[in-house]
There are 2 protein chains.
Amino acid sequence: MSGKPNSDRRTVRRQETQREIVQASWEVVREHGLAGLSMRDLGERVGMRAQSIYSYFASKNEIYDAMFLEGYEAFAVWIANAADDDRAADDPTGVARAVARAFVEFCTSDHVRYQLLFQRTIPDFTPSAESYAVALQVYEEFSARLSTIGVHDQATLDLWTAVLTGVTDQQISNDPGGDRWKQLIDRAVDMLLADARTHTTTESEKV
Amino acid sequence: MSGKPNSDRRTVRRQETQREIVQASWEVVREHGLAGLSMRDLGERVGMRAQSIYSYFASKNEIYDAMFLEGYEAFAVWIANAADDDRAADDPTGVARAVARAFVEFCTSDHVRYQLLFQRTIPDFTPSAESYAVALQVYEEFSARLSTIGVHDQATLDLWTAVLTGVTDQQISNDPGGDRWKQLIDRAVDMLLADARTHTTTESEKV
DNA sequence: GTCTATAATCTGATAGAC
DNA sequence: GTCTATCAGATTATAGAC
């Protein structure tokens, strides 16, 4: 390693293998639950002995950390795309609904990812400082998007996140694969917007 | 066992030990997480060898089941008490706020219990038919209480549960021990009541 | 960089003596 | 009813050969 350039062919190969391991980890986890990630299982899937994975990740939690990071990066992309798609609708309500739908859809489309990103469910795992910084940044981008539709103060923002995660949670745990709670999103958004109107100055309603 | 009365001294003693084991299980679980319940740990805490516990519960899942049942029984009592306390406030808004506060308080006061009762987080555990029946009955009592304050149709009820669990979830995972989301409960209830008003006939507003 | 071998430890659960 | 002994398996992780 020492003395050699970072963008070595060896380094590139290594990063590819790391990506492959993370991808396989998602497969395992979607099949056996978030806590059901075993190194043996993972090794088998990636075509290695379980022990060889330690050449790429120092511990199992380092793998979770890579998944955590990847998940938040995917979230950032998802929300950005959704906003672009619905740019035509330039009324605040339309945008708000689109953002809300995008959020819930992202979460329900992969519930183990949701578990890893937004719930604290695997013991002894804490994201690394780097990954957590990215998570915070993505959360701030999401907040900024909401602030363009009239959600300015922290309390209002907290209420929005509570409602959106609540809908997501119920959908995942009580009607997986269905749309019993998803279909309430527009109604929930209207409700939130009406609430925001009574708690902020009319000025803040404008973009 | 056969031929002897059910309320035998032996049977009573046995039930006491079972209660003791369940209580110790709560302790273990609060310390090491819901999934961190180990028979050895449990045995140590209850003053037995781990293997002896199998004289009282046929499997680990049977212990989870007993905890699940106990949790729902506690929930029923909690909600009933909260409603009595706030009987003085006979305006619908006051009652609604009291019920909402009681729900969130119950959940946040013991987050592993919340996890066991309302989220599906431990793999391979499904409550027994008996326990599940109790859970359903308690849920229906809770629904009935909401229906006295204007929440009649399923969609509205779903929205309420989504908002209440959302507030709970955010409080637990992003501000444990604090009240950042708890203090939004009254505002959330007002918002929900306003929404219910626009989605039902004015008749249903009356008790 | 991947392998074999293995350490060290944990898990839930069972059989049978007392 | 509690014990000892033990099974059969899992886990993360390390050492050292190739």
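Model, not experiment: these values are computed from the prediction. So you know, we letter chains A, B, ... as the sequences are listed, proteins then strands, and number each from 1. For the numbers below, each heavy atom of this structure counts, side chains included, while hydrogens, waters and symmetry mates do not.
Each of B/Ser55 and A/Ala50 was matched to the nucleotide of DNA chain D holding its nearest heavy atom; the match closer to the 5' end belongs to B/Ser55.
Side-chain atoms of A/Met67 and A/Val29, non-hydrogen and from C-beta on, do get closer than 4.5 Å to each other. Taking 4.5 Å as the limit, some side-chain heavy atom of A/Met48 sits within range of a side-chain heavy atom of A/Thr17.
In this structure, A/Ile53 atom CD1 and D/dA13 atom P are separated by 11 Å, rounded to whole Å. The CD-P distance, from A/Glu62 to D/dT12, rounds to 14 Å in whole Å. Rounded to an integer number of Å, the gap from A/Gln15 CD to C/dG1 C1' is 16 Å. When rounded to the nearest whole Å, the span between CZ of B/Phe57 and C1' of C/dT14 equals 19 Å. Taking atom CD of B/Gln51 as the reference point, atom C1' of D/dA5 lies 9 Å away to the nearest angstrom. Following rounding to the nearest Å, B/Asp124 (CG) and D/dA10 (P) show an atom-to-atom distance of 14 Å. The nearest whole Å value for the distance from the CZ atom in A/Arg49 to the P atom in C/dT6 is 14 Å.
Picking from D/dA13, C/dT2, D/dT2 the nucleotide with the shortest atom distance to the side chain of A/Lys60 gives D/dA13.
Using a 30° and 60° split on the angle between ring planes, A/Phe68 and A/Phe125 fall in the perpendicular class, above 60°. Below 30°, between 30° and 60°, or above 60°: for B/Tyr114 and B/Phe118 the angle between ring planes is between 30° and 60°, a tilted geometry.
Expressed to the nearest 0.5 Å, how far CD1 of A/Ile172 lies from CD of A/Gln115 amounts to 8.0 Å. If you take CZ on B/Phe106 and CZ on B/Arg113, they are separated by 3.5 Å, rounding to the nearest 0.5 Å. Distance CG/A/Asn174 to CH2/A/Trp181: 4.5 Å, rounded to 0.5 Å.
Residue B/Tyr54 places no side-chain N or O under 4.0 Å from the OP1 or OP2 atom of D/dT2. Contact check, A/Ser52 against C/dC3: a side-chain N or O comes under 4.0 Å of OP1 or OP2.
B/Ser59 comes within contact range of the sugar-phosphate backbone alone, with a heavy-atom separation under 4.0 Å but no base atom that close.
Listed by residue number, B/Met48 are the residues of residues 33-48 of chain B with a heavy-atom contact under 4.0 Å to DNA chain D.
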